[in-house]
Amino acid sequence: MKRTWEPRSFETLTVRQAGAVLFASIAAPPMNLLGPDLVRDLVSLIQRAEADDAVRVLVFRSADPDYFISHVDVTRIQAYREEAAKLTGEASIALLFRRLSASRLVTIAQIEGRVRGAGSEFVLACDMRFAARESAIFGQPESGLGLVPGAGGMQHLARLMGRARALEVMLSAEDYDAELAERYGWINRALPAGSLSGFVRSLALRIASFPAAAQAIIKDRVNAIALAPVEDFRRDSDLFLEAGRNPETQQRNQAAMKRGLQTRDAEMDFARLVGELAEH
């Protein structure tokens, strides 16, 4: 069924169509936190796009030049998990993201600005990732707060980077620029900001012009090799919740909130914020 994609159909996404490609811009002020509103819109977008035979490729980008998706809203964990359940039947963004990886749609993340925690896990769930060399910043900082990556980060990074680099990324809780992310395998390519949008658009339209049946087989077989089983995503999701119940984790998160966690200015240098917690 072919659908009409109205620009105002979503609260936190602006969607435009070009041929068989949908371009979804994330706009969830003040800093693109992954909360219930954004999860609700992602669920709706995936459902509608998959039901539209005219849509083949889905490109995600951000309307905020400083933040792609910052991370989850740590004050609304239960609420966003409940929204995820509307697609997967289970209250877990890990399973929502894995569902996106298994979709018939080809998904591309066009990354400018910061993408950390579950934001990183979201782009890892996409089929391809291209980032602006000048502005994209990547991080998997959960361990600095006493948490673990619970939405697929451990599964994807270990497969993409290998054991040593995956451990470096997740245990250091550091920020990584686009060039190092490219070298490590976090992303496909780091490109100049001025050419990123044109490159992604051209690639998306090219992919969408080829026969769908062969592409579906290729994606299915690559997923059989490289995408971890549902059970592993479910286990990581459970471990995230378990870590969040640890008293030390709760104490560190409270201290981080006092230092500006989930505020736009403080998170421009999130690695420093986390490092300062370790000093006190």
Side-chain angles (χ1 to χ4, degrees), residues 1-10 12-27 41-63 65 68-69 87 96-113 115 119-136 152 156 159-160 178 181-182 185-227:
M1 179 185 299
K2 184 174 182 179
R3 298 173 180 268
T4 300
W5 292 90
E6 297 294 338
R8 297 187 180 181
S9 298
F10 305 95
T12 62
L13 300 172
T14 301
V15 180
R16 298 285 190 276
Q17 185 166 9
V21 180
L22 287 184
F23 295 88
S25 294
I26 301 164
D41 281 349
L42 289 172
V43 166
S44 178
L45 175 64
I46 295 166
Q47 289 175 325
R48 292 177 58 187
E50 287 185 334
D52 188 343
D53 294 337
V55 175
R56 300 270 305 284
V57 180
L58 182 53
V59 176
F60 292 98
R61 52 197 182 187
S62 175
F68 183 90
I69 295 176
L87 182 64
L96 170 62
F97 292 172
R98 192 190 184 281
R99 173 73 169 68
L100 182 65
S101 298
S103 171
R104 71 164 182 84
L105 301 167
V106 175
T107 53
I108 302 173
Q110 177 185 315
I111 305 158
E112 296 175 87
V115 58
S120 166
E121 291 171 308
F122 173 76
V123 301
L124 286 166
C126 293
D127 297 323
M128 303 170 212
R129 293 161 292 285
F130 301 93
R133 185 174 295 137
E134 299 89 340
S135 67
H156 289 298
R159 287 166 171 78
L160 290 168
E182 178 189 51
W186 209 322
I187 59 176
N188 293 59
R189 302 191 205 185
L191 297 164
S195 61
L196 176 63
S197 181
F199 174 86
V200 170
R201 180 181 177 86
S202 177
L203 175 65
L205 291 170
R206 178 180 173 86
I207 290 171
S209 73
F210 296 152
Q215 291 181 339
I217 293 170
I218 291 169
K219 183 169 175 179
D220 181 66
R221 294 309 299 148
V222 169
N223 280 345
I225 297 165
L227 183 62

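Since this is a predicted model, take the numbers as computed values, not measurements.
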Quiz item: Sequence neighbours excluded, which residues qualify as ring pair (Phe, Tyr, Trp, His ring centres under 6.0 Å) partners of Phe210?
Solution: none

Quiz item: Roughly how far apart are Ser135 OG and Phe68 CZ, rounded to 0.5 Å?
Solution: 11.5 Å

Quiz item: Any side-chain heavy atom of Leu45 within less than 4.5 Å of one from Leu22?
Solution: yes

Quiz item: What is the minimum heavy-atom distance between Ala63 and Ala27, and which atoms define it?
Solution: CB-CB, 3.9 Å

Self-check item: NE2-CZ distance between His156 and Arg129, expressed to the nearest 0.5 angstrom
Solution: 7.5 Å

Quiz item: Can you name the nearest heavy-atom pair linking Glu50 to Ser103, along with the distance?
Solution: OE2-OG, 2.6 Å

Exercise. Decide yes or no for Ile46 and Leu96: does some side-chain heavy atom of the first lie under 4.5 Å from some side-chain heavy atom of the second?
Key: yes

Self-check item: Residues that Asp41 engages under side-chain contact (heavy atoms from CB on, under 4.5 Å), provided they are two or more places apart
Solution: Phe10, Glu11, Thr12, Leu13

Quiz prompt | Minimal non-hydrogen separation, Leu160 against Gly185, with atom names | solution = CB-O, 3.7 Å

Quiz prompt | side chain to side chain contact (heavy atoms under 4.5 Å, CB included) partner of Ile108, chosen from Val123, Asp127, Leu58, Val57 | solution = Val57

Quiz prompt | Atom of Ser120, atom of Val115 and distance for their closest heavy-atom approach | solution = N-CG2, 3.4 Å

Quiz item: About how many Å separate SG of Cys126 and CG of Leu105, when rounded to the nearest 0.5 Å?
Solution: 11.0 Å

Quiz item: Should we say atom CZ of Arg206 is surrounded by more than 12 heavy atoms from elsewhere, each under 6.0 Å from it?
Solution: no

Quiz item: Pick one: which of Ile225, Ile218, Ile217, Asn223 meets side chain to side chain contact (heavy atoms under 4.5 Å, CB included) with Arg221?
Solution: Ile217

Quiz item: Just by modelled atom types, is the Ile207 backbone N or O under 3.5 Å from a matching donor or acceptor in the Gln215 side chain?
Solution: yes

Quiz item: Is Arg16 close to Thr14 at the side-chain level, that is, under 4.5 Å between some pair of heavy atoms?
Solution: yes

Quiz prompt | Pro65 backbone acceptor or donor facing Glu112 side chain under 3.5 Å | solution = no

Quiz item: About how many Å separate CG of Leu196 and CD of Gln110, when rounded to the nearest 0.5 Å?
Solution: 4.5 Å

Exercise. Ignoring hydrogens and angles, tell me if any N or O in the side chain of Arg61 forms a donor-acceptor pair with the backbone of Phe23 under 3.5 Å.
Key: no

Quiz prompt | Inter-residue atom distance Gln47.CD - Arg99.CZ, 0.5 Å rounding | solution = 8.0 Å

Quiz prompt | Under the ring pair (Phe, Tyr, Trp, His ring centres under 6.0 Å) test, residues paired with Phe122 that sit two or more places apart | solution = Phe60, Phe97

Quiz item: Are the side chain of Ser202 and the backbone N or O of Phe199 linked by a donor-acceptor pair below 3.5 Å?
Solution: no

Quiz item: Is there a donor-acceptor pair closer than 3.5 Å between any side-chain N or O of Arg133 and the backbone N or O of Ala190?
Solution: yes

Quiz item: Atom CZ in Arg159, atom CG in Leu124: separation rounded to 0.5 Å?
Solution: 12.0 Å

Quiz item: Looking at Gly152 and Glu121, what are the two nearest heavy atoms and their distance?
Solution: N-OE2, 3.3 Å

Self-check item: Minimum heavy-atom distance Met128-Asn188, with the two atoms named
Solution: CA-OD1, 3.5 Å

Exercise. Could you walk me through whether Arg48 and Val55 pass side-chain contact (heavy atoms from CB on, under 4.5 Å), step by step?
Key: CA-CA 9 Å; Arg48 292 177 58 187; Val55 175; over 6 Å; no

Quiz item: Has the side chain of Arg56 got a donor or acceptor atom that lies under 3.5 Å from a matching backbone atom of Val106?
Solution: no

